[in-house]
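Inspection log for the structure reproduced underneath, given as structure tokens.
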Amino acid sequence: MSKVHNDFISFLKKDISSILNVGDKRAKLFIKLGIKNYRDLLLHIPNDYIDRSYSPKIYDINK
């Protein structure tokens, strides 16, 4: 295999805590989601989300 391929594979295996601003506390949250390395992060598909496509105007809320 080529050096580039080997470098890429080793990059994907890097620990999630090596990402900037990911400390122990945040790394534990990632681990709860099953994300332990860069590969897991790239392949993670959220199972839930908050739909924020509709935001009423303040005027409409009072009615």
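In this text the structure is predicted, and so the values were computed from the model without any measurement. Counting begins at 1 with the first residue of the sequence.
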Exercise. Can you name the closest pair of heavy atoms from Asp40 and Gly34 and give their distance?
Worked result: OD2-O, 3.6 Å

Problem set entry | CD1-OH distance between Ile19 and Tyr38, expressed to the nearest 0.5 angstrom | 4.5 Å

Seminar exercise, completed: So CZ of Arg26 and CD1 of Ile16: to nearest 0.5 Å the spacing works out to 11.0 Å

Problem set entry | Inter-residue atom distance Leu33.CG - Asn47.CG, 0.5 Å rounding | 8.5 Å

Exercise. Does the pair Lys28/Asp24 count as a salt bridge with the N-to-O cut at 4.0 Å?
Worked result: no

Problem set entry | Point-to-point distance, once rounded to the nearest 0.5 Å, from CG of Leu41 to CZ of Arg39 | 12.0 Å

Exercise. Do Lys14 and Asn37 have side chains that get closer than 4.5 Å, going by heavy atoms?
Worked result: no

For this session: Group every Ile, Leu, Val, Met, Phe, Trp and Tyr by side-chain heavy-atom contacts under 4.5 Å, then state whether Phe8 and Leu43 land in the same group.
Result: no

Exercise. Is any side-chain heavy atom of Phe30 less than 4.5 Å from a side-chain heavy atom of Ser17?
Worked result: no

Exercise. Mind checking whether Leu29 and Ile35 have side chains closer than 4.5 Å, heavy atoms only?
Worked result: no

